[in-house]
Amino acid sequence: MEKRGQINPAVFWPALIVVLGLSVPLAIWPEAGEVAVASCWSFITSKFGWFFLLFGAFCFVVLMWLAFGRYGHVKLGSAEDKPEFSNFSWVAMLFAAGIGIGIMLWSIIEPIYYLNAPPFGVRPHSQMAFEWAHMYGQFHWGFSAWAIYCLPTIPIAYAVYVRKEPSLRISTSCRAILGDLVDGWAGVLIDIIVMFGLVGAVGTSLGLAVPLVSTMFSEMFGIQQSLGLNVFILVLWVLLFGFSLFKGLHKGIKVLSDINIYLAIALIAFVLLAGPTVFILSMWSNSIGLLFNNLLRMSFWLDPITKSGFPQSWTIFYWAWWIAYAPMMGLYVARISRGRIIREVVLAECVWGTLGCWVFFAIFGGFSLYLDWSNIVPVSQILADSGQYAAIVAVLKSIPLSGVVMVVYTILCFVFMATTLASASYSLASISTKELRGDEQPARWNRIFWAVILGVVSMGLLLVGGLKPVQLSSIIAAVPLAPVLIVLTFSGFKMLKEDFGFLSPKKLTIDIPDKVRD
């Protein structure tokens with residue numbers, strides 16, 4: 001009998017070769033890579049943008065049907081299984097892994113981008129521009145984003161905890177559709193696509209994270225920004241999330257996630273109370289109405305006549321980024337959700353995840369817009385003249401007790417990103433493990449190995465200045481993931497239909513059917 005936890009060479013080595021083989025050349029020839037990748041990205045967004053938007057809507061409709069339909073009470077586990085984590089820690093873990101450091105950056109500065117170049121032909125810096133600017137980030141980080149994240153969670157968790165698949169991989173969760181092909185070349189191909197897309201998504205996050213934290217360090221400690229400082233920050237991140245991986249789910253990632261949420265609640269509460277409270281709450285109320293009144297329009301808007309490029313630069317980019325992260329979120333949230341019912345998982349991600357992001361954008365985004373609107377800080381001008389990181393520093397310095405705020409903000413950036421990277425490494429290790437039950441963890445060395453690989457790839461790209469092309473290429477690499485997620489979804493449908501049929505909700509229990517248990 002093979003030792004459980006052993007790597008699967010058919011997945012591990014090809015995935016490693018693909019990741020390094022595509023990343024390193026782009027790093028060595030960054031200019032040529034940037035031109036090629038940018039051209040490819042432009043082609044995909046212009047020709048297949050409609051597919052991304054339809055896919056986002058598809059995810060949301062499917063999940064609402066699962067949550068409130070006849071299968072909502074199906075338990076992801078045996079009848080006697082209890083949730084492994086408390087509700088607070090569970091939501092904290094999935095939220096911290098899903099948003100990473102991105103929410104810390106974009107919640108402050110994204111509304112200013114929209115203010116300067118609003119959608120739907122609205123005049124920049126007009127009254128309506130401020131309203132659209134405050135709302136649009138909440139749309140991009142709202143229901144559709146979390147629906148894309150949640151979609152793979154259900155079939156993966158069902159396959160592992162109910163069907164008792166012996167491995168925590170996307171490919172094996174597609175068995176109901178692909179059959180024994182998942183044990184051969186088709187399964188290997190799916191897992192390699194997933195792993196490369198995930199490394200690319202993390203590369204995008206690091207591309208945002210390292211310059212942001214470097215700017216914060218420079219401002220707080222008077223250290224000149226340099227490549228050496230960027231490398232130092234990256235090493236600190238690798239050590240932090242490597243340590244959390246070493247400690248495992250309960251003593252590592254769970255603890256980081258709990259710290260995240262407590263610090264985040266304290267910071268956003270302070271900004272709300274110390275800032276223009278009435279303005280922020282009024283803008284948030286206004287944005288909720290504006291969002292729901294225009295939800296369908298924004299969800300399918302491609303601007304085919306005017307061709308402003310707004311949906312391509314923002315909405316389609318975000319949907320592709322969420323798709324790149326979706327396999328990680330599916331594997332990770334499935335791992336921590338044993339013993340919970342389908343409705344509980346869907347609502348936790350689509351409702352609590354959405355509300356969490358809305359709070360960040362409502363408060364931080366509202367504060368940024370207030371500073372610009374009242375001429376206290378010319379955030380728009382700073383963004384245009386000095387870039388987004390300088391604009392973020394200017395916003396933070398305008399908050400009372402700015403020194404303390406910047407320290408807490410920087411710590412949050414570190415811990416949020418460390419949690420996401422730890423979750424990504426955990427997922428990569430799970431995919432490359434041959435056999436892994438739902439209640440087991442990948443080998444410790446395997447988790448650490450992928451943590452180091454993520455750090456080494458990112459460090460190499462920083463050293464040669466070629467991170468931007470790989471950010472773009474990583475998003476493009478996510479394109480084949482959408483068909484994989486569709487196959488995974490219909491595999492989940494087929495498993496539920498085979499095990500439960502079309503029973504009425506009143507007859508459906510959360511017990512596992514006898515034929516599945518046998």
Side-chain angles (χ1 to χ4, degrees), residues 60 63-64 66-69 71-100 103 141-143 145-158 160-162 168 244 247-269 325-326 328-360 362-363 412 415-416 418-420 422-423 426-427 430 438-441 508-512:
F60 182 74
L63 288 171
M64 292 303 101
L66 281 174
F68 298 104
Y71 300 125
H73 286 286
V74 171
K75 194 172 189 178
L76 300 173
S78 304
E80 64 276 8
D81 282 341
K82 302 296 181 184
E84 189 174 357
F85 302 93
S86 69
N87 289 335
F88 178 86
S89 293
W90 178 57
V91 172
M93 291 170 76
L94 67 88
F95 183 73
I99 65 169
I103 197 77
W141 293 70
F143 295 118
W146 285 95
I148 293 171
Y149 275 174
C150 187
L151 186 73
T153 302
I154 306 303
I156 294 171
Y158 192 87
V160 172
Y161 295 125
V162 181
L168 192 61
S244 70
K247 299 298 287 185
L249 277 176
H250 291 271
K251 296 181 180 179
I253 298 176
K254 174 185 174 295
V255 173
L256 280 180
S257 300
D258 287 349
I259 292 172
N260 253 354
I261 299 305
Y262 286 124
L263 279 178
I265 291 173
L267 181 59
I268 59 180
Y325 262 119
M328 181 206 84
M329 287 296 291
L331 290 163
Y332 176 68
V333 177
R335 170 60 186 86
I336 64 177
S337 298
R338 182 177 49 147
R340 299 185 182 273
I341 64 174
I342 289 177
R343 179 177 299 166
E344 193 177 6
V345 174
V346 172
L347 294 181
E349 293 202 65
C350 291
V351 175
W352 289 112
T354 295
L355 287 176
C357 290
W358 281 6
V359 168
F360 272 90
I363 295 176
L412 266 173
V415 181
F416 263 127
T419 307
T420 298
S423 306
Y426 187 94
S427 298
S430 297
D439 58 348
E440 295 179 326
Q441 300 189 48
L508 183 61
T509 68
I510 61 174
D511 293 331
I512 305 170

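No hydrogens, no waters, no symmetry mates; every other heavy atom, side chains included, goes into these values.
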(request) Would you mind telling me which of Leu63, Ile99, Val346 makes a side chain to side chain contact (heavy atoms under 4.5 Å, CB included) with Trp146? (result) Ile99
(request) Measure across Ala326 and Pro152 and return the closest heavy-atom pair with its distance rounded to 0.1 Å. (result) O-CG, 3.3 Å
(request) State, yes or no, whether a side-chain contact exists between Leu347 and Phe68 at a heavy-atom distance under 4.5 Å. (result) yes
(request) Work out which heavy atom in Ala67 is nearest to a heavy atom in Arg343; give both atom names and the distance. (result) O-NE, 2.6 Å
(message) Rounded at 0.5 Å granularity, tell me how far OH in Tyr332 sits from CG in Leu94.
(response) 8.0 Å
(request) Would you confirm whether Ser78, through its side chain, and Asp81, through its main-chain N or O, come within 3.5 Å as a donor-acceptor pair? (result) no
(request) Nearest 0.5 Å please: distance from the SG atom of Cys350 over to the CE atom of Met64. (result) 4.5 Å
(request) Return the minimal non-hydrogen interatomic distance between Trp352 and Val91, and the atom names on each side. (result) CB-CG1, 4.1 Å
(message) What I'd like to find out is whether the side chain of Leu76 reaches to under 4.5 Å of the side chain of Arg340, using heavy atoms alone.
(response) no
(request) With rounding to the nearest 0.5 Å, note down the distance linking CD1 in Ile265 to CG in Asn260. (result) 10.5 Å
(message) Between Tyr149 and Met328 (side chain of the first, backbone of the second, donor and acceptor by atom type, cut-off under 3.5 Å), is there such a pair?
(response) no
(request) Give a yes or no on whether the ring-centroid distance for Tyr262 and Phe88 is below 6.0 angstrom. (result) yes
(message) Among Val345, Leu331, Ile336, exactly one meets side chain to side chain contact (heavy atoms under 4.5 Å, CB included) together with Thr153. Which residue is that?
(response) Val345
(message) Going by side chain to side chain contact (heavy atoms under 4.5 Å, CB included), name the residues that satisfy it together with Leu267, two or more places apart in sequence or in a different chain.
(response) Met104, Val271, Phe364, Val405, Val408, Tyr409, Leu412
(request) Mind checking the OG1-CZ spacing from Thr354 to Phe95? Nearest 0.5 Å is all I need. (result) 9.5 Å
(message) Taking side chain to side chain contact (heavy atoms under 4.5 Å, CB included) as the definition, give me every residue that meets it alongside Ala92, ordered by chain and number, with sequence neighbours left out.
(response) Ser257, Asp258, Ile261
(message) Among Leu151, Val74, Ile342, exactly one meets side chain to side chain contact (heavy atoms under 4.5 Å, CB included) together with Leu66. Which residue is that?
(response) Ile342
(message) To the closest 0.5 Å, what do you measure between CD (Glu344) and NE2 (His73)?
(response) 11.0 Å
(request) State whether the side chain of Trp141 and the backbone N or O of Cys357 hold a donor-acceptor pair below 3.5 Å, judged by distance alone. (result) no
(message) If we ignore hydrogens and angles and just use 3.5 Å, is the side chain of Tyr161 paired with the main-chain N or O of Ala334 as donor and acceptor?
(response) yes
